[in-house]
Every structure is written in C-alpha cells, then in structure tokens.
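To start, the structure under review is shown below, and the notes come after it.
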2 protein chains.
Amino acid sequence: MQRQGYDGTGIKQISKEAGATLGSVYHFFPGGKQELAVEAIRHGDREFAEFLTRMLAGADDPAEAIEACARTLGQDLRRSDWVDGCPVTATALGTATRAPEIQHAAAEAFARWRGLVDAKLRAAGFAHADARDLAHTVISTLEGAELAAQVSQSETPLRLAGTHLARLIRLYRKATP
Amino acid sequence: MQRQGYDGTGIKQISKEAGATLGSVYHFFPGGKQELAVEAIRHGDREFAEFLTRMLAGADDPAEAIEACARTLGQDLRRSDWVDGCPVTATALGTATRAPEIQHAAAEAFARWRGLVDAKLRAAGFAHADARDLAHTVISTLEGAELAAQVSQSETPLRLAGTHLARLIRLYRKATP
DNA sequence: GTCTATACCCCGATAGAC
DNA sequence: GTCTATCGGGGTATAGAC
C-alpha cells in the first residue's frame, strides 16, 4: 500500500506476496481491507518513528540532526528506485471520505512524529511555543520534500529541505533564547 | 481523481458525473484512463499555476505573498471539508511504476510552480542560486503542509508553513544581498 | 459523434470442507 | 486455523447500431 495506495493494492496480491492464503488474511483481519490498511499505517508509523528517533539522537544540535535526516531520506528513496515514499501518505490519501479510521491513523502518525521533533527541540533549549510550531513545519517540509523527490526522481528537494530547515531552526534559536 | 486518487476513481463514475456516456469518454480520450489522468493533472497544473500567479502578484514582498498563499490554501481546504487537496498529488501517487506518463506530468507541474516562485524571488532581487533553492523548498513545504492539513483536518500546518517560509525567505534576503 | 450492450477480468468478501 | 471454491459486483475497454 505504501507503493500502490489503498485502492491500487488488492488483498489477493497481499496474500500472495505474503505467502498466506486469502482465508488466513480474513481470519487475522476480520475487518477486511480497512483493518489491514489501518494496521499498515500503524506499522509505517512505528517504522518512521524509530528512524526519526535514531536520526535525532545522532547529533546534539537539532538543526544538524534534521538536516542529516533529510539527506538520509533522499538516499533511501533513491535506493528504492523512487518507489518507497512515506509509508502513510499513499495509503491514507484518497480514503478520507470513505474510511475515517484510516485517516485517523494517519493523523496519529503525523502527530507522533511531530512530538518527537518537538521533544528534541525542547531538550535543546528552545522555547516551548517555538518548538511546537517548528515541529509542525519540520514534518510538513520533510513530507512535501519526500513527495517532490519521488515525483521528480531527484534527491534535490530533500537535500534543500534539510539545508533550509537547519537554517530556520538556527534562526529561531537565536531569535528567542 | 483529486479526491479519490487514480485507482479509486472509475471511468464510469467520471462519465456519469460529467453527464456524458461511456462511449463519448472513450471517443475523446482514446488512450483510456491513463490519458484521462494525464489531462486531469495538466488541468490541475494550470489551475494551481494561475492561483499561484495571482497570489504572488498580490504583494511586492515575496515573503508576504507566500505567507498569504499558505493561509488562503488553508481556508480553501477547510471550505472543501478537507477534501480538495493538491490536484496533482492524489492522482500521481501510487502510479509511479505502472504509468510513467502520469508521473512525468506531475513532475512538470511541480517544476512549473517552482519556476513561478523562482521568478518572483529573482524579480525581488534575490541571488539566482538562492531563488532557485528557495523555490524548491517553498513548493515542497506548501505541498507537505497541505497534506498535513488535510490529514489532521486543521489549518495549522499551512498557517505555520506560511509563517516559517516567510521568515526563511527574509533570512536569505538579508544573508546574500 | 452518441449511445447501449457486452466481453472479459479482477475486486472484496464469504462459505464450508478439512 | 488453513485452505479452495465461489458469489455478486464493479472495473476497463470495445463493438457496433444509430
């Protein structure tokens, strides 16, 4: 679903690639495709949260850590031949009206990631309001740059997003000490 | 397709809502669903390009114009009940592997929008390299914030994106005069 | 150019043997 | 719990009358 989206991915395809039978899938996911999608998003949520935690722990300076994060995302995306984008976006996009539970799971993922950045910024001494606001834009920008990188098959959007986010963060550190 | 994505939107649904018969659709779009999707993306491309042109012309200061742009995007998104997001993203996402032409049209749209921001920044006296790089991040951030706003059903990501992009742009104006 | 009918296929979901 | 068979419906696309 990360690659093909909710509607583009069939349960039969999933069961085949997983080496399970169709009956097994419906045994463990009685809620059908919707439940499967929610679990897929939660899985992607945890996955990216772990990645983000690792990257944020990689440098004391939050600006430096975020910039490294963006670069790594670009490298990983290229390695996947521009196919493995955000594990939440593709699944959630387009299902908003039909399946609120899916959208809710996606919102939770975004909120968790934001929380991780927020905590890092506060730990580095940023004002709470600044940290909260900056965390929003850091996630938004990473998300958008990942999208742009995927569409244009280039690491450039993510590289520049890293550079600019770092400058923005440093600007706020100086602005409200 | 803007709302439901490529796979979530049926040609029968399109023909019904358009008041046309299925035969007519295939008469004017012999390339079938793929051709329809490419034209839909080109349409969204022009639509947003006109919106962006209008917003950029609304203020001499690029930072101010971009901030107003983000706010307006948020208001429009709320007015649509968080349904009408970027007219390109939903259609293009998930079709990368199967339909390169769709992805190519999406890449062209992003490039055109970037070009508009780039031109505005250069016209305001920014160094060419700075303008080019900033245009990348402006589009990425607006795109990601629109996504985040849609998922969380809140204007906050777009409002903050506007604020932060404005500060970033002003920083560069001062940095390299 | 416009319309209806239909071919052909795969979808999600379920039934029921084992 | 695991598997196969199948249901009902909708998908894209086409054929061919008008």
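So you know, we letter chains A, B, ... as the sequences are listed, proteins then strands, and number each from 1.
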Take A:Phe110 and A:His136 through the side chain to side chain contact (heavy atoms under 4.5 Å, CB included) test and state the conclusion after the steps. CA-CA 9 Å; A:Phe110 277 51; A:His136 259 101; over 6 Å; no
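Within the nucleic acid shown, A:Ser15 has no heavy atom closer than 4.0 Å to any nucleic acid atom. A:Gly32 comes within 4.0 angstrom of the backbone, heavy atoms only, and of no base.
Side-chain atoms of A:Ser80 come within 3.5 Å of backbone N or O of A:Val83 as a donor-acceptor pair. Side chain of B:Trp113 to backbone of B:Asp45: a donor-acceptor contact under 3.5 angstrom is found.
In this structure, the CG atom of A:Asp7 is 11 Å from the P atom of D:dT12, given to the nearest Å. Rounded to an integer number of Å, the gap from OH of B:Tyr6 to P of D:dG11 is 14 Å. Residue B:Gln34 contributes atom CD, which lies 12 Å from atom P of D:dT12 at whole-angstrom precision. Atom pair A:Leu22:CG and C:dG16:P shows a separation of 16 Å (rounding to whole Å applied). We find that CD1 of B:Ile11 is positioned 18 Å from P of C:dC9, with the value rounded to whole Å. Between the P atom of C:dC11 and the NZ atom of B:Lys12 lies a distance of 16 Å, rounded to the nearest Å. Rounded to whole angstrom, the span from the OH atom of B:Tyr26 across to the P atom of D:dA13 amounts to 4 Å. The distance between atom CD of A:Gln4 and atom P of C:dC11, rounded to the nearest whole Å, is 10 Å.
A salt bridge is defined here as a Lys NZ or Arg NE, NH1 or NH2 lying under 4.0 Å from an Asp or Glu carboxylate O, and A:Asp76 with A:Arg79 meets this definition.
Under the 4.5 Å side-chain criterion, counting only non-hydrogen atoms from C-beta, B:Gln13 is in contact with B:Gln4.
Distances were taken from every side-chain heavy atom of B:Phe28 (C-beta onward) to each of D:dC3, D:dT12, C:dT2; the shortest belongs to C:dT2. Checked against D:dT2, C:dG12, C:dC3, the side chain of B:Thr21 finds its nearest nucleotide in C:dC3. Listed nucleotides C:dC3, D:dT12, C:dG12 differ in distance to B:Ser24; the shortest reach to its side chain belongs to C:dC3. The A:His27 side chain lies nearest to D:dG1 when the options are C:dG12, D:dG1, D:dT12.
Each of B:Lys33 and A:Gly19 lies near DNA chain D, and the nucleotide nearest A:Gly19 is the one positioned closer to the 5' end.
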